[in-house]
Structures are given as structure tokens and as C-alpha cells.
Amino acid sequence: MADFLGWLRDIEAKWQRAWRESKAFEPSPDPSREKFFITVPYPYSNGPLHIGHGRAYTIGDIIARYWRLKGKNVLFPMAFHITGTPILAFSERIAMGDERVISDYRHYIELYEGEGADVDAILESFKDPLRLATYFASKMMADFDAIGYSIDWRRRFHTGEPVYNAFVEWQYGKLRELGLITRGDHYVTYCLLHRQPEGEDDIQDADVNPVEIVEYTAILFRIEGTDEYLVASTLRPETLFGATNMWVRPEAEHVLVRFKGKKIYVTKEALVKLQHQHPGEDLEVLREGVRGEELLGRRVVTPLGDVIPVLPAEFVDPDVATGIVYSEPSDAPYDLAALWDLERDPSLLTRYGLDPSIMEEVRMRKIIEVPGVEGHHAEVVMREMGIRDQRDPRLEEATELVYKQQYYNGVLRVPDDRFDGLPVREAKEAVRDWLISEGNAFIFYELNRKAFCRSGGKIIVARITGQWFIDYSVPWWKERTRELVREMTILPEKYRKAFLDVIDWLERRPCARLRGLGTRLPFDRRWVIESLSDSTIYMAFYTIAHIIRREGIGKEKLIPEVFDYVFLGEGDAGEVSRRSGIPEGVLEEMRREFLYWYPVDLRNTGTPHISNHLSFFLFHHTAIFPREHWPRAITLLEVLIREGAKMSKSKGNVILLRDISRRYSADLFRFYIAFAANPDSVLDWREEEVARARGMLQKMVSYLEDSMAAKGGVDPHIRRWFISRFWGHLEAAEKAFSQMKIRNFAFELVKAVLDDLDYVSERRGRGEALVLLREVAPDWLRAVSPIIPHIAEEFWHRLGNEGFVSLERWPGPGTRYPEDEEMEDAVMGLEADLRDLIRVLGGGRRARIIVAAGWKREFLSRVSEGARPEEAAKGVPRELRAEAFRIASMIRKRRYEVPTRVPDQGEEIALIEGAREYLSRRTGLEIVVEREEDSDSPRAGNALPLRPAIHID
RNA sequence: GCCGGGGUGGCGGAAUUGGCAGACGCGCUAGAUUCAGGAUCUAGUGGGCAUAGCGCCCGUGCGGGUUCAAGUCCCGCCCCCGGCACCA
């Protein structure tokens, strides 16, 4: 075939059209048939999908088609997700004229529209985020169709549709009634430029260098003789016991503010953070523009009552926490280094009018004991590393080293019974809690690093008040969900543990934001339900979406009572009809449809969803639905990479789904996805392997074409062998499928059968292979149709069949002929042995094949029927008994495997005679068959049933 | 750090859960055939030793252990990947 892929694409388009026109995959409830409801999470429609997404949909479609073939009434629906900020953000950036985004989207549009389209007009329309979303949704539909997915598109929707909003509002009303929605404060990364929370996606480099929120303890130190406080921040409040002095950066700008009734000094940077972390609280600024040097030389009283001086240090960063720190040189390398600097160079003090004698007030104390560390820990480490001053960049490393050792092995040694003897990791929390409870400290949130949003705005930590949460920590809810996970099917099984761990780990989770597309919280309309939280039970909506659309039912009619009735069976259809204005019959139809299809039989998606979407999916089902409507199974896929590397836009190595039907072919893609890797391993898309897969399909098609009109005789043994193997492959495929080993499934169905056809071609000639293929073709086409439905459909019709192979039944079971399989294995083994001998001997002219004597067959027949080899050997005539025991010992050592049925000598001779021409052709030897009884070869005694002795001359 | 998943030939990766490790494929080697195409076909391919075959020894990150039998189970290490919560 000159242009195999071209031919494939043509038949693919043809059959896709035929399926669509005949509405082949639009199932309705049919109580006489078992249903199978499979879902794959809907895509987020902000741009074209790539083959990574395609893996889950393709495997999903293979599963859908398989169960359809097994006779189930299969529903495979799809919808589109538009909730959240990304679509909104892209739309806004297009409206703002962001060149990079515009160029990306222009490119996407060109990809789909081709020449002559008004790209600018379409781009212009994207200023409306909904238009952007629906544009890509419709393109995704076309992409999916072009891969041959058997989706029921009547049920599609997107998450911005008012009717969907009504559904989600109902869901959240339910969750609230159940007491699963709570409200409280929440700390987030917040952009000062945009004045809104911004997550990882909006922060520069956050994907590679993560931004985390860390908790400092901000401790109040009263300035002696005043009612004002310096507030120093620390990650290690337990070191307060060793505090020797305060550090202030001389040139930093500080402010005096009234906070929680006290007058406190912090840096001006810290003030902004305080304001965002304590919104709505009185934060009265009393003095501004206080330079750090003004504070130097004062004495402060620690919460422990010690009096310590305020000294200058340049390592103090005014933009970290409160911008002031206290010094604990025994355990903090930075502090010790700064003290050394001051001792070494008194001018650092005198320049601020401080008398160097102030250093005498600094009294280092050892408060943490670590086994094996003598003296001050910081000093020990710094001397080892050779660090001398506070500008040394290795101070970070030294700090980390000390902290690590102390965290694991350190014990606090202080004159305070409450804390003395506590391990460092416990002391830290104990001291912090004590300080806070006494009003001497508060928590100050800070980032682990400086961060800026993509537009350059500074990111800080802010408190969101009145944040709505879903409270996954509610014990009965967790327990119900655990029960579900323990009962349901999860494949591969190894992920079940991951689900249980996620359930344990989940606590409260914010479920709404103040920005983004989606559904508003019904009980607080300022908030939009966050995108992962509005997609947990939407599979239920598929069961009625087409009816809502068909009937033109609007949001206003979809009052909560409608969903109560349809999904929970609550209330009375007549009453609900009166209230909602939806005809009673329609309500009942929706109820029937839901009851028929629910629960979800299978949800298929990638492992990255375990810790979020899939767990929420399970949680929400157990909260809202009765047990009989909980999901039945989850199947999981690992990710897809390309040529060993992750696909990413920045690498420019993304293959779009759109390209599949143009650059490859639907069946080739499907086959490759199925064949390249099992779902639980990473699939590496490699062009060379794709070409290999194409070669296999081409070979398959070529066999099929040639077989269409094949007829003629076939060797009966070879026929039984082939037919038996064929059904064996189908059985193996079914078994593989049941374990989600899709690769093995594809292997058995395609490669294994092709290999057998090749073998028959070699053994008996291509003509016989084609006749055999013609015999099994209808069954083969049915079986492969889940993977390569277009090729299957094409040849199914060429064979003169009516109707779609896609709607046929899985074939079999067929007749197996284990003896023929075993006998042919013997021929293969014989060939291999002959080849070995030629290699060892360096050649040969003639091979005498000596088949085992009759007495061995009688003896071994008894073994194959279940007798123990030694027992059976006893029945052998005395003069042969030694030989029989030798064979028995071989059997026990697995040096010889007894055939399941030992053929008689005549049969075995016929077998080898039948293979003589083949063996001769393959080995270049003349083949002669002899009986052991008649042979004068010294090797004749080696002969065993189906393992003849060989004598080469 | 916490939670999870993994370390098997030159490479990607198999091993029905304790039962002949390396399936399948890539690559490589040799041969055949043909150049109308990214070729195709045949044989070999973990290391070592042997050889009239249907063998022997060693080998699954490291160190111990259980067992007739361990890639698989147990104990202790090392390394890699993913996730860690207003992100679709």
C-alpha cells in the first residue's frame, strides 16, 4: 500500500461519519441489559489538548468499547470545564494586549481554522472568557471525534452553564446542611500589586522554586523605661533563653504602631504585612520614619526578665518578618558572627555613638545540649568551617547544620522546670505557646523566600477572613469515605494505599474564591466555588443533561427540590413539578435515567489526581449519595512523556491531539497508546516506536486484505494449532484486560496473532495462513475493535457484514486443542535443537530424528495421567527399569516435562514427517525419521515422547 | 521534613504475587535479500565456562536475615521520581 496512513485516515473519517449519523453511541436506559457507566474527567477548555491528555481519553474509550463488546449498555459521556481563573486570566490578558498570550492564541486559532479564517475576529471574541472557553470546547469535540471516541455528545455541557450552576448550588446546599462547610481565617500568598491572592501559577519561578508560608514567632521585648516594645521574629522561640542582645539594622526604617493595645516597633515593610495579616484590626501608626540607629544602645527586657542591649547588625533583613531579631549566639551562627564583627571592629559601635564597653553586657549562655558537641554549637561549627564574619555566605549552611543536629538530638537545658529537658523539637512549640498565651508573642507569617508575581508585584502573606471551607476532617465523613475506598475496585491495586493516606491527610480545604468563573456559593454570593470543588459529583449531571437540553429547561426551574427528587428520590414528582414548572413526566424520566445509569462504574484518569480530584470525588459521593450510588471503580494511568522528556510548551515538544488525525492516524494513535506501555507505567512517546507500531498495523491490514478471498486446504494439525492459539490469545487478552494491563491486552490481540500468522506462513506457506485468517477474521475484527475500531469496521464491512462491528459481541469461547499446541511446540523445539547442533558441530548434512520407543510412551502416559514417576517406573519390564528410573529422575529435576497427552509413535512420526520439509528448509539438513526400536544410533536412547533424539552425520 | 511510588541487560521495560529472571521492543552483531520508500527477512544478543543439543556457575541499588526455593517476604542503609492543599 503506497500511502498506508493516508488510506487509514480516509477510512477513519468514513466510519466516524457513519457512527455519528447513525447515533451509534447514544445509549438510553434499557432495563433488560446491564449498564456500564464510564467517565474520564472533563478537560479544562482553555486551549488545545495534547497527547498526554489523550492517553486517559483513549484508554477510557478502549474500556468503553470493550464493555460494549461484552454486551453491556455503555454510557461514555463528556463535558467541559471552564471554572476558575486561568480562562479568565487569558481572556483578560488578551483584552489587555499581552503579546505573548495573544501570539499563543493566534497560533491555536490558526491551528484549527486553516487558511482564510478571520483569526483576528475570533481572537477579539476571546475578550469574553465564555467565548474563549466554548470555542476550545467545540474544537475538542472535533478532536475527540477524529480519534474515534464513542462518546455520547448529547449529554455534554460546560461548567459555566446556568443549569450546571443550579446543580452545583444544590450540591453545596446539601453539603452545608450536612455541616461540612465551615468558615474561618486563612493565610494565602497575596499580591500587593493586584491586591488579591495569587497562587503558584501567578508567581515567578514558583513551579521550580516553591513558595511556602512559614510561621515566625514575633516576640515582644519592652524597651526599658518605656511602654514601647521591639518585636523580634524567630523560627526558634526556644532560644529565647539564650538571648544576649537585640539586632537592629541601623539604616532600616522602622515605625511605631499601636497593635493589640501595645506600642510596638517593627520595620515599615513589616507594617504592611501586619496590616494584611490583621485586616479589620486597629493598627494605629504612632511614629514613622524611625531609623534603626535611633533604637541602638537601648536596653530591652525579655519576656524572661533579662535585660539586654540593642546592637547594630547588617545581616538583619528589614523585609523578613518584623525586621528585627534577637541574638542567641550560642546556637545561631549569624548572631555569633555579628558579635565577632563588633568585637573586632569597635568603630561599628562608635559610629552610632555606642560605647564599646556595651559588649560586656553580652553574656553567651549554652542552653541546648547535643551529644558530642562541647561548648557553643554555633562556634564549633563556624570554627570547623572557617567562618569569621557575618558576610560569609556559608552562614546559611552553618545555620542549617546546627539546626538539623539540634532538632533531632538537642535537649533544652534551662533554669525553668516547664521547659528544662525538653527535646528541641518539642521545646520550640512549648515555648511559643507559652509566650503567646502570656501575651508576649504572636504569630507572624512570612514566605520562605522573596517572591514576585508575573507582573512584578510583591507577594506577601495575607489573611483572608471569612474564607469558606469544605471540612474533610469530619470523622464520620472520613470513615464513610475510607469504607468506600476499602470496598471499591482500584487498579492498579498499589494505589489503594495512596487513597487511604490522602483521606487521612485531608483537613479543611478552601472551596471558594473571590474571583474566577464558575458557580457562586448559594449562601454567600460574593464567593465563587473553586474549580476542583465544583467537579466532584457532576457525573450525575450527565444522566440528565440531554433531557434538560432537549426540554429547554432553564436554571430558574432547576430548584433544589428538582435535584432532591431526581438524585435522591426525595419528595413527590407531582409536587416538585408544580413548584418547578417541569412536567411531571420529564421529572420521572430524569429520575429513571439517573437510577439506571448510577453509580459510576468506572472513573479513569491519571495518578496525579489521586490527592485532589479523585479523593474529592469519593468524599462528595459518600456525603451526598446513598451507598448504592457510590462509585464502583477507579483506574489510574501514569503520565505520558515524549522521547524521554516531559512535554511542555517551553520545550516546544508538545504533540497536540489535533495533529493526530493529520500527522498520524486515529487507529495508529490508539494502538500505540494501548501497546506502548501498561497504564501503571510512564508512557514514552517515541517516534521510532510509533513507526514500529505503524508497521504492525500495516502488516495486519495487508494480511486482512489478502485473506478476504482466500480459500484452499490447510494442514489439519496446523489449523488446530492456529485456531487453538487464536482463542488462547483472546482468553489471555480478557484476563489482561481485567487487570487493566492494556498493553498485554493489545499484545495478545494484535502482535501475538500476527506472529502466529507469520509462523504459519513460514511453516506451511502464506496461502494457508490466509485461509486460516479468513476463518477467524470475523472474530478477530470483533476482538480488536476496542483498540483499532476503524480498521475493524472497514474489514467487517468488506466481509459483507451488516451493522457496526463496534456494536457486536466479544467472540468465543472457541475450541482449544492443547495437544496440537504441545505437538507444535515440539516441532519448534526440534528446530531450535537442530540449529544448536549445527552451531556446535560447525555444520552437518543429514539429521536422523529418532522418536521414542513405545514402552516409554506407555510408561509416561501413566505419569501424564497423574501417577508419580517413580511409581510408574516400577511397572516397566525389569530390563528397562533402570532407564525408566533415570527418566523419572529427569522429570523430578524438571529436565523433562511430560506432555499432557503422550502421543503414540505413529502420531509423532506423522508430525515430524509433516514438518520435514519445513525443518529441512530452515536448517539446510536432510531430515530422516527413525523409530528408537529400529535405530542403530548410539543416541537413540535419549529419545523421549515429543523430544526425539537427534543424530547428525 | 512528611506522605506515596520506584531502583532489574547498552536502553525502554516484563516476570500470573514466593516457583526456570530478563517477556515484548529498541540498539547491537552476523547473514540473506533488495534498494519503491523511515527498508525488509533470518539467526544471535546479561556475564563467565562448557558443549552432539535438550547444560553448569554467577547475576535484579547496598548489607544482613527467613525459606527446599527470594527480583518478590523481614530488618537496616543508599539513591531516584511524584505530591504536600485557593492549581487546573
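Computed from heavy atoms alone, side chains included, the values below leave out hydrogens, waters and symmetry copies. Just so you know, these numbers come straight off a predicted model, no measurement behind them.
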Please report the distance separating the [atom1] of [N] from the corresponding atom of [M], rounded so that it comes out in whole Å.
N: B/G48; M: B/A52; atom1: C1'; answer: 22 Å
N: B/A14; M: B/G9; atom1: C1'; answer: 13 Å
N: B/G53; M: B/C41; atom1: C1'; answer: 26 Å
N: B/G83; M: B/G27; atom1: P; answer: 32 Å
N: B/A70; M: B/U17; atom1: C1'; answer: 12 Å
N: B/G46; M: B/C11; atom1: P; answer: 13 Å
N: B/C81; M: B/C68; atom1: P; answer: 40 Å
N: B/G59; M: B/A21; atom1: P; answer: 12 Å

Using whole Å, report how far [atom1] of [X] lies from [atom2] of [N].
X: A/N942; N: B/C54; atom1: CG; atom2: C1'; value: 9 Å
X: A/L636; N: B/G82; atom1: CG; atom2: C1'; value: 14 Å
X: A/D755; N: B/C41; atom1: CG; atom2: C1'; value: 14 Å
X: A/L683; N: B/G13; atom1: CG; atom2: C1'; value: 12 Å
X: A/K741; N: B/A14; atom1: NZ; atom2: P; value: 8 Å
X: A/E734; N: B/U16; atom1: CD; atom2: C1'; value: 16 Å
X: A/L640; N: B/G12; atom1: CG; atom2: C1'; value: 14 Å
X: A/K735; N: B/A14; atom1: NZ; atom2: P; value: 17 Å

Answer with base, sugar-phosphate or nothing: what part of the nucleic acid does [X] contact at a heavy-atom distance below 4.0 Å?
X: A/R835; answer: sugar-phosphate
X: A/D833; answer: base
X: A/R743; answer: base
X: A/T85; answer: sugar-phosphate
X: A/Q467; answer: base
X: A/A832; answer: nothing
X: A/R921; answer: nothing
X: A/L944; answer: nothing
X: A/T83; answer: sugar-phosphate
X: A/E212; answer: nothing
X: A/E638; answer: nothing

How long is the span from the [atom1] atom in [X] to the [atom2] atom in [Y], to the nearest 0.5 Å?
X: A/R725; Y: A/E748; atom1: CZ; atom2: CD; answer: 9.0 Å
X: A/S920; Y: A/E917; atom1: OG; atom2: CD; answer: 7.0 Å
X: A/H81; Y: A/L517; atom1: NE2; atom2: CG; answer: 10.0 Å
X: A/Q277; Y: A/D185; atom1: CD; atom2: CG; answer: 11.5 Å

Q. How should the glycosidic conformation of B/G25 be described, syn or anti, under the criterion that syn lies within 90° of 0?
A. anti
**Q.** Assigned glycosidic conformation for B/U17 [threshold 90° from 0]
**A.** syn
What's the closest nucleotide to the [X] side chain, out of [options]?
X: A/R922; options: B/C26, B/A43, B/C24; value: B/A43
X: A/V840; options: B/C84, B/G4, B/A52; value: B/A52
X: A/R509; options: B/A52, B/A85, B/C24; value: B/A85
X: A/L532; options: B/A52, B/G38, B/C87; value: B/C87
X: A/K751; options: B/G53, B/G25, B/C86; value: B/G25

Ring centroids only, cut at 6.0 angstrom: are [X] and [Y] within range, meaning strictly under it?
X: A/Y190; Y: A/H276; answer: yes
X: A/F619; Y: A/F616; answer: no
X: A/F136; Y: A/F80; answer: no

Q: Let me have RNA chain B in dot-bracket notation, would you? Count Watson-Crick plus G-U wobble pairs, both distances under 3.5 Å, and use [ ] for pairs crossing earlier ones and | for inter-strand partners.
A: (((((((..(((......[....)))((((((.......))))))((((.....))))..(((((..]....))))))))))))....
Q.
Between A/E831 and A/H609, which residue's closest nucleotide on RNA chain B lies nearer the 5′ terminus?
A. A/E831
Q: With RNA chain B as reference, determine whether A/F469 or A/N678 sits nearer its 5' end, using the nearest nucleotide of each.
A: A/N678
**Q.** ring-ring contact (aromatic ring centres under 6.0 Å, His included), paired with A/Y664, selected from A/W685, A/Y672, A/F4
**A.** A/W685
**Q.** Axial cation check for A/Y703 ring with A/R766, 6.0 Å and 45° limits
**A.** yes
OP1, OP2 of [N] versus side-chain N and O of [X]: anything below 4.0 Å?
X: A/R686; N: B/C26; value: no
X: A/S681; N: B/A14; value: yes
X: A/R496; N: B/G4; value: no

Q: Output the residues of residues 946-953 of chain A in contact with RNA chain B, where contact means a heavy atom of the residue under 4.0 Å from an atom of the strand; sort by number or write none.
A: A/R947, A/P948, A/A949, A/I950, A/H951, A/I952
**Q.** Side-chain heavy atoms of A/D3 within contact of A/W7, under 4.5 Å
**A.** no
Q: Taking the side chain as every heavy atom from C-beta outward, state whether A/F617 and A/L532 have any atom pair closer than 4.5 Å.
A: no
Q. Are there more than 12 heavy atoms of other residues, nucleotides or ligands under 6.0 Å from atom CD of A/E215?
A. yes
Q. How far apart are the closest heavy atoms of A/C191 and A/C453, and which atoms are they?
A. SG-SG, 3.7 Å
